[in-house]
A.B. asks: 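To start, I am sharing the structure in question, which I have written as structure tokens.
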Amino acid sequence: MSVFSGMSRPMKAAGVVLIGVAIIAAIIGGVTALSGDGSNEAGPSGTSSTPPGTSGSSSAPTSPSSPPPNSTSTNPPSPTPPPTSPAPGQPTTGQPGQPGDQQASNKWVTVRVFNNSTIKGLAARAKDDFAGSGWNVTEVSNYSQGVIPATTAYYRPGTDEEAAAKQLAQEFGFKAEPRFAGIQDATPGVIVIVTNNYESGHKGS
């Protein structure tokens, strides 16, 4: 038995139309549902497919900057030149242990020469020898207060006469001694008393 039996013809037509509308609505609803499922799989619009934590553009890693080298430089100290020494074979002036300039300065000390020999003019010859070597001879005379055993230069200890007398005695080959009592209070200066053993023109060193 049909659902439209017992209905009038106009109502049958309206029922067919409603059924048709319902079928079309169902078809539209099904299509809409299918299209909605497909759009969910594509993901939200405006998002990037790049994995989280990565950026679109890559940059080279930067190394930590190192401090610039020190522009100032310290020059090494100049080495101290070694002390100069006389060339081999070159004679050195002055006696051992005493600088030459000090020896030269001793020659300003006054020297007086006395003859105690039997040789006439011996003191004058000694004076010429001493003066020719740069000594400051101021007097030539005779000594007759006693007999001196050997030619000797006499000085007052602790004065400039001591260094001068020793240098003069070494230079001409006789001895040097402190003044004895007979000449202790004589005029300042080196006193040389020459005897028969003095060799004129002879130098001991």
Side-chain angles (χ1 to χ4, degrees), residues 66-205:
S66 59
N70 191 1
S71 59
T72 60
S73 60
T74 304
N75 295 327
S78 301
T80 303
T84 58
S85 58
Q90 181 178 357
T92 57
T93 59
Q95 70 184 49
Q98 186 174 15
D101 56 350
Q102 182 178 351
Q103 286 198 357
S105 69
N106 291 333
K107 294 188 176 183
W108 68 268
V109 177
T110 57
V111 178
R112 300 198 309 281
V113 185
F114 295 88
N115 188 359
N116 188 241
S117 73
T118 59
I119 304 172
K120 185 177 181 180
L122 183 61
R125 294 203 302 268
K127 179 258 184 185
D128 292 338
D129 293 339
F130 301 159
S133 185
W135 290 94
N136 180 26
V137 182
T138 60
E139 182 182 352
V140 175
S141 186
N142 295 319
Y143 180 77
S144 58
Q145 304 301 317
V147 177
I148 306 300
T151 301
T152 307
Y154 295 97
Y155 59 87
R156 293 176 299 165
T159 66
D160 293 331
E161 297 171 12
E162 182 173 357
K166 290 179 179 179
Q167 181 183 341
L168 178 63
Q170 182 180 16
E171 185 175 346
F172 286 91
F174 47 83
K175 59 184 180 178
E177 293 180 355
R179 288 187 182 187
F180 56 88
I183 59 173
Q184 188 67 46
D185 297 327
T187 305
V190 176
I191 297 175
V192 180
I193 300 179
V194 293
T195 64
N196 290 334
N197 73 332
Y198 178 78
E199 298 180 14
S200 178
H202 171 75
K203 286 189 177 184
S205 60

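Treat the numbers as computed from the prediction; the structure is a model and nothing was measured.
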A.B. asks: Report the distance from atom CD1 of I183 to atom CZ of R156, rounding to the nearest 0.5 Å.
C.D. replies: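 If I round to the nearest 0.5 Å, the distance is 11.0 Å.
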A.B. asks: Is a side-chain donor-acceptor pair under 3.5 Å present for N197 with T195?
C.D. replies: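 On atom types as modelled, these side chains qualify, holding a pair under 3.5 Å.
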A.B. asks: Any salt bridge (charged side-chain N to carboxylate O under 4.0 Å, His left out) involving residues 133-145? Give me the pairs, sequence neighbours left out, ordered by first then second residue.
C.D. replies: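 Every salt bridge (charged side-chain N to carboxylate O under 4.0 Å, His left out) pair that includes a residue of residues 133-145, provided the two are not neighbours, is R112-E139.
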A.B. asks: Could you pull out the closest heavy-atom pair between A126 and V113, with the gap in Å?
C.D. replies: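 Shortest heavy-atom contact: CB-CG1, 4.0 Å.
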A.B. asks: Under the side chain to side chain donor-acceptor pair (under 3.5 Å) test, which residues partner T187, sequence neighbours left out?
C.D. replies: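 Side chain to side chain donor-acceptor pair (under 3.5 Å) list for T187, sorted by chain: empty.
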A.B. asks: Does A131 have any side chain to side chain contact (heavy atoms under 4.5 Å, CB included) partners at least two apart in sequence or in another chain, and if so, which?
C.D. replies: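 Partners of A131 under the side chain to side chain contact (heavy atoms under 4.5 Å, CB included) test: none.
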A.B. asks: Quick one: closest heavy-atom pair of V140 and A124, and the distance?
C.D. replies: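 It is CG1-N, 3.8 Å.
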A.B. asks: Closest approach of P157 and P178, non-hydrogen atoms and distance?
C.D. replies: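 The pair with the smallest heavy-atom distance is CG-CB, 3.8 Å.
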A.B. asks: Pair D129, W135 - check side chain to side chain contact (heavy atoms under 4.5 Å, CB included), show working.
C.D. replies: CA-CA 9 Å; D129 293 339; W135 290 94; over 6 Å; no
A.B. asks: Can you list the residues that meet the side chain to side chain donor-acceptor pair (under 3.5 Å) rule with T110, with sequence neighbours excluded?
C.D. replies: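 In terms of side chain to side chain donor-acceptor pair (under 3.5 Å), with neighbours along the sequence ignored, T110 is linked to no residue.
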A.B. asks: Using the ring-ring contact (aromatic ring centres under 6.0 Å, His included) criterion, which residues pair with Y155? Sequence neighbours excluded.
C.D. replies: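 For Y155 there are no ring-ring contact (aromatic ring centres under 6.0 Å, His included) partners, ignoring immediate neighbours.
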A.B. asks: List for me each residue that meets salt bridge (Lys or Arg N to Asp or Glu O under 4.0 Å) alongside R179, sequence neighbours excluded, and say none if there are none.
C.D. replies: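 Applying salt bridge (Lys or Arg N to Asp or Glu O under 4.0 Å) to R179 gives E161.
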A.B. asks: Whether the side chain of N136 engages the backbone of W108 through a donor-acceptor N/O pair (distance < 3.5 Å, no angle test) should be reported.
C.D. replies: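 Flag set: sc N136 to bb W108 pair under 3.5 Å.
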A.B. asks: Mind checking whether F172 and F130 have parallel, tilted or perpendicular rings, split at 30° and 60°?
C.D. replies: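 Judged by the thresholds at 30° and 60°, the geometry between F172 and F130 is perpendicular.
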A.B. asks: How close do V192 and L168 get, heavy atom to heavy atom, and via which atoms?
C.D. replies: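 Between these two residues, the closest heavy atoms are CG2-CD2, 3.7 Å.
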A.B. asks: Name all residues meeting the side chain to side chain contact (heavy atoms under 4.5 Å, CB included) criterion together with Q145; count only those two or more places apart in sequence or in a different chain, and write none if there are none.
C.D. replies: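 For Q145, the residues satisfying side chain to side chain contact (heavy atoms under 4.5 Å, CB included) (neighbours in sequence not counted) are Y143.
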A.B. asks: What distance separates N116 CG from I148 CD1, expressed to the nearest 0.5 Å?
C.D. replies: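 With rounding to 0.5 Å, CG (N116) is 5.5 Å from CD1 (I148).
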A.B. asks: Short question: side chain of T152, backbone of K175 - any donor-acceptor pair under 3.5 Å?
C.D. replies: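 Flag not set: sc T152 to bb K175 has no pair under 3.5 Å.
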A.B. asks: List the residues meeting side chain to side chain contact (heavy atoms under 4.5 Å, CB included) with N196, not counting sequence neighbours, and say none if there are none.
C.D. replies: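 Here the qualifying residues are S117, T118, I119.
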A.B. asks: For N115 and G121, which heavy atoms make the closest approach, and how far apart are they?
C.D. replies: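 Shortest heavy-atom contact: ND2-N, 4.1 Å.
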A.B. asks: Verify, without hydrogens or angle tests, whether Q170 (side chain) and K166 (backbone) share a donor-acceptor contact under 3.5 angstrom.
C.D. replies: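 No; judged by distance alone, with no hydrogens or angles, the pair does not exist.
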A.B. asks: For the residue pair T151 and F174, what are the closest heavy atoms and their distance?
C.D. replies: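 The answer is O-CB, 3.3 Å.
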